Amino acid sequence: MAHPEFGDLVAPHLPALFKSAYRLTGNRSDAEDVVQEVCVRACTHLATLRTLEQPKTWLLKIAYRVFVDGVRRRKRSPVRPTAEDFDATRVSGEPTPEQRAEAELAERRLLDALAKLEREQRALLALHVEGYTFAELEAMTELSTDVLKARLYRARVRLGKLLAAEGKAPSLALVK
Amino acid sequence: MSCNDVASVLDDHRIAQLKPAERAKIDAHLGSCADCSAAWQATSELLELRIPAMPPTLLERALLASRLPQSARSRRARMPIIVGGALLAGAAAAAVTMSALREQSVPIASSPSVEQPAAPAAPEAPVDEPVTPVENTPAAPQGDGVTSVELVETALSIAPLVRRPPDYPPEALAQRLEGWVQLKFDVTAAGFVENVSVDESSDERFEGPAIRALSQWRYLPRIVAGKRVAVTDQRTRIAWQMSSDDDPPADERQADDKQEAAMRGLLKFSDDLERALDLLAADDLRGAELQLDLMRAVYPEAGFFHGDIWSFYGYLFTVQGNYDRAIDAYETGLASYERNGARSNMGPWVPLANLYFARHQYDAALKTLLRPNLPGGNRLMSPEANALMQKLNALGVTEDTL
């Protein structure tokens, strides 16, 4: 009843927002918190939101700030994605339990490594991997393309080395 | 193939589109460059990360969160969505307080859900109110031979009978901005609010929600000489306040649930009262009475419910000219308020005292005005009560003569 318009403006972009938020935070409940915070902030700028041609970019910019500024810096016990989280997205072709367990281990390893990055590095990787152009990334982060490219490169190298340090993705097949 | 070439493939999202020849060159470079190899590996794994499905309630939750003050957000937003928008606006988190204000007079009535500010001192003289009799009211009640119908009157209750909480303007809410609006309005002989205008406000953003809310409020119309009449130039003040940021108690969740349940009950009660008001406005007095019968069966005796219902009966019977039943109903209502320690929204003691006065039972009138246990102990503060008291005093009926 308060502002139906707000819902109309935001709803189409929620899936993209949630996706990026999940990449930013690495778990569903924190991702929901980020989306929520974005909506709260966006709500105070309803007039702006209404006039934007690219509301999605603008919403992601807020998500980026929310995450990088660490609004929710308070430590929470790490929440792992569970198998149910993925039920709706499971790809066709029944994976064997081993394959599933393997994928979960690899994911855990990636999320652990991501958690060790600087927040900004992680945020840049999360936004970039969604396929946004550098023009869009500039709008979201207020960094120039050159800076973005340099930082992205460093972030990737760092993440790759962290992954290597975590050891090769363990293969259940080998263990068996 | 250089590090820059590898970076640009990654930057431009071209991994999936590489031709075999290009891919071979890249692999060769990766084999000899640890950094590029790490970057490549990282990107590949990032691309493979599965994203869980978006929770279906995310939008509702986000919208809900965007309407609540900071302090309540995190905990509230995780609650299941079980309540409608109207309720949220009125929930304690965004406490909207309202107070009635009529000319220089005093609010004494208070609804159970809303905080009233302390009442200022009572004016010496009763306030003259413009009264506009309405053409098409039903014929004046016949009376019962005991009561002087021309003396039967009921003030417009200071507090509206049905009151919808105003929205908290989202921008103001997000900024934790508090505010108030003072409004002027008329009430028709059917109890509807009309001609709402803003006298003054702290911020114009609050004006729209204030006008919208007030326009939906419903009153029991004023009665003069036994007939329902319109009144003009009423004033009320609506204030928006944020709840405090104090650390909530450990059992806050439980308290929240309780408060929301109470709020739901209150809104349902308002809806039911509104149905009775609709029937009354349509002159379906019998229908209104049946609606009250139904409510009496549904709502608990505890709290203010039965007091309000019986007060409404009293009003209804007054409109019907059935003054004996009106007096019984008002008495039952007052007893219910007193028994349950509830505060009255409708101030039934003044109409009751007036009925006694109209049938020349002056002692009973005075005793009613002096009834103990009235809210705040300031029972004589309404102008109507003062006016009646003065009439009684003029007839030589005072506390000393009882």
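Chain naming here is simple, since letters A, B, ... match the order of the sequence lines and numbering starts at 1 in each. Just so it is clear, the model here is predicted, and its values are computed rather than measured.
- In this structure, CG in A:Leu159 is found 7.5 Å from CD in B:Glu45, a value given to the nearest 0.5 Å.
- Looking only at distances, a side-chain donor or acceptor of A:Arg23 sits under 3.5 Å from a matching main-chain atom of B:Leu46.
- Within a 6.0 Å radius of CD in B:Glu204, no more than 12 heavy atoms belonging to other residues, nucleotides or ligands are found.
- Note that NZ of A:Lys19 and CD1 of B:Ile51 are 6.5 Å apart. Values are rounded to the nearest 0.5 Å.
- Taking every heavy atom of both residues into account, A:Glu107 and B:Glu48 meet most closely at OE2-O, 4.5 Å.
- Within 6.0 Å of CD on B:Glu22 lie more than 12 heavy atoms contributed by other residues, nucleotides or ligands.
- Atom CE of B:Met54 and atom CZ of A:Arg28 lie 11.0 Å apart (nearest 0.5 Å).
- A distance of 8.5 Å separates CG in B:Leu10 from OH in A:Tyr153, rounded to the nearest 0.5 Å.
- Of the listed residues (B:Ala42, B:Ala7, B:Ala34, B:Ser37), the greatest number of heavy-atom pairs within a distance under 4.5 Å of chain A belongs to B:Ala42.
- What you find for B:Asp11 and A:Phe134 is that their closest heavy atoms are O-CE1, 3.4 Å.
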For this session: Show your working on side-chain contact (heavy atoms from CB on, under 4.5 Å) between B:Leu49 and A:Leu111 and close with a plain yes or no.
Result: CA-CA 9 Å; B:Leu49 179 67; A:Leu111 292 173; 4.3 Å; yes
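- Looking at B:Asp35 and A:Lys161, a side-chain N of the basic residue comes within less than 4.0 Å of a carboxylate O on the acidic one, giving a salt bridge.
- A donor-acceptor pair is defined here as one N or O able to donate and one able to accept, closer than 3.5 Å; no such pair exists between the side chain of B:His13 and the backbone of A:Val129.
- Contacts of A:Leu114 with chain B are made by side-chain atoms alone, with heavy-atom separations under 4.5 Å and no backbone atom involved.
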